[in-house]
*Asks:* 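Sending over a structure as structure tokens; questions will come in a sec.
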Amino acid sequence: MQYKKNLIDHLILELEQAYQAALTEAKRAYSTSTDKANVAENKYDTLALEAAYLAEGQAKRAAQCLADLKATRTLETRDYSPGDAIAVGALIILEDEHEKSLSLFLAPVAGGLKFVVEERAIMVITPSSPLGRHLLGKFVDDEFEFTVGSRKKNYLISDIV
């Protein structure tokens, strides 16, 4: 349970950094769009307009980062027993046909994020991702085939934490 709490704390830290970076970029773009030095001199001078579009996009990105952060902060940490099905909040350990281990954390947001917690590489997946959809409801010792690009890989679910 402590490991998963550390994992979620690390994910929250990553999302807080992403939020702060997005907020900084949104403020910078807004400042550029409203700067008097960028007032259009003719109809072809679009720097301020482009900066305004960028500011709007960055503000939306910051809002999404904040929503991701809130969703992760409310994520319940619970231990899974061998008979439990995979659900959001599960740390899933897969083994491929070469017995190479892969640790996946099924989170509501932040799919694709990779980081290391206590010397274990973690990749975040979401229920809306192809692999996340495939894993939902599966159990320890289930085997499955998953296609990545044009390559098919065989996996065994060796543990759910």
Side-chain angles (χ1 to χ4, degrees), residues 1-30 52-161:
M1 182 77 132
Q2 184 60 39
Y3 180 81
K4 193 182 295 185
K5 183 180 178 336
N6 292 346
L7 185 154
I8 292 171
D9 288 346
H10 190 88
L11 179 56
I12 287 170
L13 181 65
E14 294 273 341
L15 292 173
E16 283 173 343
Q17 290 172 349
Y19 172 64
Q20 288 302 321
L23 206 54
T24 299
E25 290 305 315
K27 288 177 183 177
R28 181 178 296 136
Y30 176 77
Y53 284 129
L54 181 60
E56 180 183 0
Q58 292 291 1
K60 286 179 181 177
R61 180 172 167 254
Q64 183 60 55
C65 288
L66 183 58
D68 289 354
L69 189 55
K70 287 179 180 178
T72 304
R73 283 185 174 145
T74 61
L75 187 61
E76 181 182 320
T77 56
R78 74 174 187 99
D79 285 330
Y80 285 78
S81 64
D84 291 338
I86 293 174
V88 172
L91 174 61
I92 306 143
I93 313 301
L94 301 179
E95 284 186 19
D96 67 11
E97 61 266 19
H98 306 291
E99 296 183 8
K100 184 177 177 189
S101 182
L102 177 63
S103 299
L104 305 171
F105 183 64
L106 187 59
V109 295
L113 188 62
K114 295 177 184 179
F115 52 86
V116 176
V117 176
E118 297 176 19
E119 299 181 21
R120 180 187 287 178
I122 303 291
M123 183 169 74
V124 178
I125 61 171
T126 64
S128 61
S129 70
L131 184 55
R133 277 193 307 273
H134 195 78
L135 287 171
L136 278 173
K138 294 223 181 317
F139 298 89
V140 169
D141 293 331
D142 281 354
E143 294 183 34
F144 65 96
E145 183 177 87
F146 191 74
T147 303
V148 179
S150 62
R151 294 184 11 230
K152 289 185 180 185
K153 294 197 77 163
N154 294 306
Y155 290 101
L156 167 71
I157 301 171
S158 61
D159 200 8
I160 304 170
V161 182

*Asks:* List the steps and the verdict of side-chain contact (heavy atoms from CB on, under 4.5 Å) for I12 and L75.
*Replies:* CA-CA 10 Å; I12 287 170; L75 187 61; over 6 Å; no

*Asks:* Show every salt bridge (charged side-chain N to carboxylate O under 4.0 Å, His left out) that has at least one partner inside residues 116-135, sequence neighbours left out.
*Replies:*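 Of all non-adjacent pairs touching residues 116-135, none passes salt bridge (charged side-chain N to carboxylate O under 4.0 Å, His left out).
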
*Asks:* Tell me whether K4 contacts the main-chain N or O of R78 through its side chain, where contact means a donor paired with an acceptor under 3.5 Å.
*Replies:*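 Confirmed, K4 side chain pairs with R78 backbone.
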
*Asks:* Would you please name every residue forming a salt bridge (charged side-chain N to carboxylate O under 4.0 Å, His left out) with K153, sequence neighbours left out?
*Replies:*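 By the salt bridge (charged side-chain N to carboxylate O under 4.0 Å, His left out) rule, K153 matches D96.
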
*Asks:* Could you work out, with side-chain hydrogen bond (donor to acceptor under 3.5 Å, both in side chains) as the rule, every residue matching D68, not counting sequence neighbours?
*Replies:*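 D68 satisfies side-chain hydrogen bond (donor to acceptor under 3.5 Å, both in side chains) with Q64 once adjacent residues are dropped.
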
*Asks:* Which residues pass the side-chain hydrogen bond (donor to acceptor under 3.5 Å, both in side chains) test with T126, sequence neighbours left out?
*Replies:*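 Testing T126 for side-chain hydrogen bond (donor to acceptor under 3.5 Å, both in side chains), a comparison that skips the adjacent residues, returns S128.
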
*Asks:* Looking at residues at least two apart in the chain, or sitting in another chain, which of them share a ring pair (Phe, Tyr, Trp, His ring centres under 6.0 Å) with Y155?
*Replies:*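 Y155: ring pair (Phe, Tyr, Trp, His ring centres under 6.0 Å) contacts with F144.
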
*Asks:* Mind checking salt bridge (charged side-chain N to carboxylate O under 4.0 Å, His left out) for E145 and listing every partner two or more places apart, or none if nothing turns up?
*Replies:* K152

*Asks:* What are the two closest non-hydrogen atoms of A55 and A26, and how far apart are they?
*Replies:*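 Answer, listing the atom of A55 first, then A26: CB-O, 4.3 Å.
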
*Asks:* According to ring pair (Phe, Tyr, Trp, His ring centres under 6.0 Å), who are the partners of F139, at least two apart in sequence or on a separate chain?
*Replies:* none

*Asks:* Side chains of L91 and I122, heavy atoms from C-beta outward: is any pair under 4.5 Å?
*Replies:* yes

*Asks:* Determine which pairs satisfy salt bridge (charged side-chain N to carboxylate O under 4.0 Å, His left out) with at least one residue from residues 19-30, sequence neighbours left out, and list them in order.
*Replies:*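 Those involving residues 19-30 are E25-R28.
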
*Asks:* Could you name each residue pair satisfying side chain to side chain donor-acceptor pair (under 3.5 Å) that touches residues 99-112, not counting sequence neighbours?
*Replies:*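 Residue pairs with at least one partner in residues 99-112: there are none.
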
*Asks:* Do any pairs count as a salt bridge (charged side-chain N to carboxylate O under 4.0 Å, His left out) and have a residue in residues 10-24, sequence neighbours left out, and if so which ones?
*Replies:*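 Residue pairs with at least one partner in residues 10-24: E16-R73.
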
*Asks:* Over all heavy atoms of both residues, which pair between A22 and C65 is shortest? Give the atoms and the distance, please.
*Replies:*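 Distance-wise, the nearest heavy atoms are CB-SG, 4.2 Å.
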
*Asks:* Determine the minimum heavy-atom distance between L136 and A87, stating which atoms define it.
*Replies:* CD2-CA, 4.0 Å

*Asks:* Under 3.5 Å, side chain of K5 to main-chain N/O of T77, donor-acceptor pair present?
*Replies:*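 Such a contact is absent between K5 side chain and T77 backbone.
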
*Asks:* Sort and list the pairs that fulfil ring pair (Phe, Tyr, Trp, His ring centres under 6.0 Å) and have at least one residue in residues 71-117, not counting sequence neighbours.
*Replies:*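 Matches after skipping sequence neighbours: H10-F115.
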
*Asks:* May I ask you to decide if I93's main-chain N or O and S158's side chain share a donor-acceptor pair within less than 3.5 Å?
*Replies:* yes

*Asks:* Of all residues at least two apart in sequence or in a different chain, which pass the side-chain hydrogen bond (donor to acceptor under 3.5 Å, both in side chains) check with S81?
*Replies:*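 Scan of S81 (side-chain hydrogen bond (donor to acceptor under 3.5 Å, both in side chains), adjacent residues dropped) gives D84.
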
